[in-house]
Amino acid sequence: MYSIYVIELSKKVFTENRKFREANPQFNGVLECLYVGMTSKTPKERFDQHKNGTLSKKGHNISSKIVQKYGLYLRGSLFNHIDPIKTKAEALKLEEQLALELRRKKYAVWFN
């Protein structure tokens, strides 16, 4: 099973990260900067992995550099309504849909 999660990022990500800024031309500085992801772990476990720079068994860094540097906390109110998802493909699709929906609402959003 997979879960979708949302992490609030420091607004510094918008001023300091060109790629993040370019991905969010709609952002007006009013709402927050967010990261949307999906995981087979609990959102809390995945957030901790991002913040700790966790490596996979093969030694690959599985944390997002953006979350590691700018991640503040989980925003449960933006994802707790989403039920667990059975397949990775469905989860990836839902991750993108949520990210784009949040962008339309004028949040600045990063997702992979």
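Residue indices begin at 1 and follow the sequence shown.
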- Item | Selection residues 7-31 - residue pairs positive for ring pair (Phe, Tyr, Trp, His ring centres under 6.0 Å), sequence neighbours left out | Phe14-Phe27

- Query: Is Asn17 reaching over with its side chain to a backbone N or O of Val13, donor-acceptor style, under 3.5 angstrom?
  - Reply: no

- Any donor and acceptor pair, going by atom type alone, linking the side chain of Asn61 with main-chain N or O of Ser63 inside 3.5 Å? yes

- Ser64 meets the side-chain contact (heavy atoms from CB on, under 4.5 Å) criterion, sequence neighbours left out, with Tyr35, His50, Ile66, Val67

- Query: Can you list every salt bridge (Lys or Arg N to Asp or Glu O under 4.0 Å) pair that touches residues 86-100, not counting sequence neighbours?
  - Reply: none

- Taking the side chain as every heavy atom from C-beta outward, state whether Leu98 and Val6 have any pair of such atoms under 4.5 Å apart. yes

- Item | By salt bridge (Lys or Arg N to Asp or Glu O under 4.0 Å) - contacts of Lys105 (at least two apart) | Glu101

- Query: Which pairs pass salt bridge (Lys or Arg N to Asp or Glu O under 4.0 Å) with one or both residues in residues 34-43, sequence neighbours excluded?
  - Reply: none

- Partners of Arg18 by salt bridge (Lys or Arg N to Asp or Glu O under 4.0 Å), sequence neighbours excluded? Glu22

- Tell me, do Phe79 and Pro43 make a side-chain contact under 4.5 Å, heavy atoms counted? yes

- Can you tell me which residue pairs pass the ring pair (Phe, Tyr, Trp, His ring centres under 6.0 Å) test with a partner in residues 87-112, sequence neighbours excluded? none

- Selection residues 43-53 - residue pairs positive for salt bridge (Lys or Arg N to Asp or Glu O under 4.0 Å), sequence neighbours left out: Lys44-Asp48

- Message: Using the salt bridge (Lys or Arg N to Asp or Glu O under 4.0 Å) criterion, which residues pair with Lys11? Sequence neighbours excluded.
- Response: none

- Item | Non-hydrogen side-chain atoms of Ile7 and Tyr73 separated by less than 4.5 Å | no

- Task: Consider only side-chain N and O atoms of Asn28 and Gln26, and report whether a donor and an acceptor are under 3.5 Å apart.
- Result: no

- Item | salt bridge (Lys or Arg N to Asp or Glu O under 4.0 Å) against Lys106, all qualifying residues, sequence neighbours excluded | none

- Return the set of residues passing side chain to side chain donor-acceptor pair (under 3.5 Å) with Glu32 (not counting sequence neighbours), or none when no residue passes. Arg75

- Note on the structure: Hits for side-chain contact (heavy atoms from CB on, under 4.5 Å) against His81, two or more places apart or cross-chain, chain-then-number order -> none

